[in-house]
Amino acid sequence: MGPARQTDRHDLERRVHVDLPRVRPEEMSTAQEVEPARDPRGGRDTETEFMLRNGGFWP
């Protein structure tokens with residue numbers, strides 16, 4: 001390695017140095033508390049209600 005390449009490498013090592021702790025892969029997940037979504041049908045059986053209202057049970 002020539003003197004110019006050694007100087008470039010030294011400059012790069014000096015600029016890139018970051019003092020951050022290592023993060024293990026197990027710690028790389030995120031979680032957030034959420035409330036469950038509301039029931040879009042409001043607890044009703046919309047299929048049966050539609051059939052009853054529109055006469056779907058004709059003999």
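Because the structure is a prediction, the values reported are computed rather than measured. Residues: numbered from 1 along the sequence shown.
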Should side-chain heavy atoms under 4.5 Å link Ile, Leu, Val, Met, Phe, Trp and Tyr, which residues sit in the same cluster as Met28? Val23
Which side-chain hydrogen bond (donor to acceptor under 3.5 Å, both in side chains) pairs, counting each pair once, include a residue from residues 31-45, with sequence neighbours left out? Asp45-Thr48
Give me each pair satisfying salt bridge (charged side-chain N to carboxylate O under 4.0 Å, His left out) with a member in residues 20-29, each pair once, sequence neighbours excluded.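 The answer is Arg24-Glu26, Arg24-Glu27.
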Rounded to the nearest 0.5 Å, what's the gap from CE on Met51 to OG1 on Thr46? Could you check? 12.0 Å
